[in-house]
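Remember, it's a predicted structure, so these values are computed and weren't measured experimentally. Values reported hereafter were calculated over all heavy atoms of this structure, with side chains retained and with hydrogens, waters and symmetry mates removed.
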Amino acid sequence: MTVPYSKIGRWFAELLLVFVGVYGAFWLNNFQQRQQEAKRRDQILAALEQKVSEELQSVRSQGTIQKQEAAEFQRALNAGEMPALRALAYAPDYSPTDIATLLQAGGVELLSAKTLIALRESESLLRGSLSRLLHYEKLSDGLIAPNLGQDTAFFYDPATKKLRKQFEFYVRAGATAETYFRDMEKMQQQLLDQIQIERQRR
């Protein structure tokens with residue numbers, strides 16, 4: 001029995017309609033998923049941009065203060081004025097969980113390799129520098145803080161007007177902190193630039 005061409009044409013049209021419908025649904029689903037990913041990516045980048053901008057401003061402010069204090073202390077020390085020591089306390093606005101949370105929220109899959117590398121380099125610098133600063137803070141807690149009520153001769157040799165050997169780390173701590181803030185400002189600016197470049201990329 002021969003199948004009429006009209007019936008074949010109808011079957012073909014129905015098959016084509018099903019194919020177009022399935023393909024259309026698949027395309028729409030992919031399109032919506034891409035839109036959601038793009039929105040999520042921009043949310044992550046916006047949050048990163050705000051956080052890094054705030055950290056950069058904080059680093060600049062603290063770095064300026066640290067540089068001025070270190071320069072004044074060194075000037076007074078060189079002039080033989082035996083400037084007073086203070087307990088060292090470093091509390092930078094840094095939390096390793098903040099970046100990790102954003103990355104776990106989809107950042108690893110959605111951000112470019114350049115941005116991820118910049119984030120990891122920034123975090124690596126933070127961790128390394130903070131470990132050195134916290135070492136000096138620990139020395140300060142043990143040697144300076146408990147003795148702030150002592151007279152100048154406790155910290156300085158009156159004959160030379162130089163810091164006694166056990167307190168010489170105080171000058172190194174100031175220089176380390178100054179370097180830390182300078183390096184962090186540079187690194188955070190580079191990270192911010194990379195984030196802004198990626199936000200502009202579509």
Side-chain angles (χ1 to χ4, degrees), residues 25-71 73-74 86-141 168-202:
F26 178 75
W27 181 88
L28 181 60
N29 182 63
N30 281 349
F31 175 77
Q32 291 173 336
Q33 185 174 352
R34 288 195 299 271
Q35 290 291 95
Q36 290 173 353
E37 288 180 353
K39 182 178 180 181
R40 183 63 186 146
R41 171 180 166 275
D42 192 63
Q43 288 174 337
I44 291 172
L45 285 169
L48 282 172
E49 183 176 1
Q50 180 179 353
K51 178 172 177 54
V52 174
S53 295
E54 291 171 354
E55 288 178 348
L56 180 57
Q57 292 302 316
S58 177
V59 164
R60 282 176 176 162
S61 176
Q62 294 180 62
T64 298
I65 294 172
Q66 176 62 40
K67 184 176 182 179
Q68 292 171 345
E69 289 180 348
F73 185 87
Q74 190 64 58
R86 61 178 179 82
L88 300 177
Y90 302 105
D93 300 330
Y94 166 66
S95 173
T97 59
D98 291 344
I99 299 298
T101 299
L102 285 171
L103 293 179
Q104 290 170 0
V108 174
E109 294 81 12
L110 299 175
L111 301 183
S112 71
K114 283 186 176 181
T115 299
L116 291 174
I117 290 172
L119 281 167
R120 298 193 190 287
E121 287 179 347
S122 177
E123 185 175 346
S124 177
L125 175 61
L126 273 167
R127 289 180 183 275
S129 298
L130 280 179
S131 66
R132 291 190 293 274
L133 289 178
L134 293 177
H135 168 70
Y136 289 125
E137 186 175 313
K138 187 175 181 180
L139 287 176
S140 172
D141 290 344
E168 289 177 351
F169 75 88
Y170 191 87
V171 177
R172 295 194 299 275
T176 299
E178 187 176 342
T179 299
Y180 163 78
F181 286 116
R182 184 177 64 248
D183 291 347
M184 276 309 306
E185 180 179 350
K186 180 180 178 181
M187 180 66 75
Q188 293 294 79
Q189 184 62 63
Q190 291 175 345
L191 176 57
L192 181 60
D193 291 343
Q194 175 56 36
I195 291 171
Q196 291 172 339
I197 288 172
E198 180 159 1
R199 281 201 77 186
Q200 293 170 2
R201 180 173 61 83
R202 292 290 183 268

TODO: Answer whether the closest heavy-atom distance between the side chains of K114 and I117 falls below 4.5 Å.
DONE: no
- [ ] State, with a plain yes or no, whether a side-chain heavy atom of Q196 is found less than 4.5 Å away from one of D193.
- [x] yes
Nearest-0.5 Å distance, [atom1] of residue [X] to [atom2] of residue [Y]:
X    : Y    : atom1 : atom2 : answer
L133 : K138 : CG    : NZ    : 15.0 Å
T179 : M184 : OG1   : CE    : 13.5 Å
S61  : F181 : OG    : CZ    : 9.0 Å
S53  : L48  : OG    : CG    : 10.0 Å
H135 : F169 : NE2   : CZ    : 8.5 Å
R132 : Y180 : CZ    : OH    : 10.5 Å

Under the side chain to side chain donor-acceptor pair (under 3.5 Å) rule, collect the residues that match up with [X], sequence neighbours excluded.
X    : value
D141 : none
R172 : none
Q194 : T115
S140 : none

- [ ] Using the test side chain to side chain contact (heavy atoms under 4.5 Å, CB included), find all partners of Q50 that sit at least two apart in sequence or belong to another chain.
- [x] E54
- [ ] Name all residues meeting the side chain to side chain contact (heavy atoms under 4.5 Å, CB included) criterion together with L191; count only those two or more places apart in sequence or in a different chain, and write none if there are none.
- [x] V52, A118, L119, S122, Q188, I195
TODO: With sequence neighbours excluded, tell me which residues meet ring pair (Phe, Tyr, Trp, His ring centres under 6.0 Å) with Y170.
DONE: F73
Name all residues meeting the salt bridge (charged side-chain N to carboxylate O under 4.0 Å, His left out) criterion together with [X]; count only those two or more places apart in sequence or in a different chain, and write none if there are none.
X   : value
R60 : E185
E49 : R199
R86 : E69

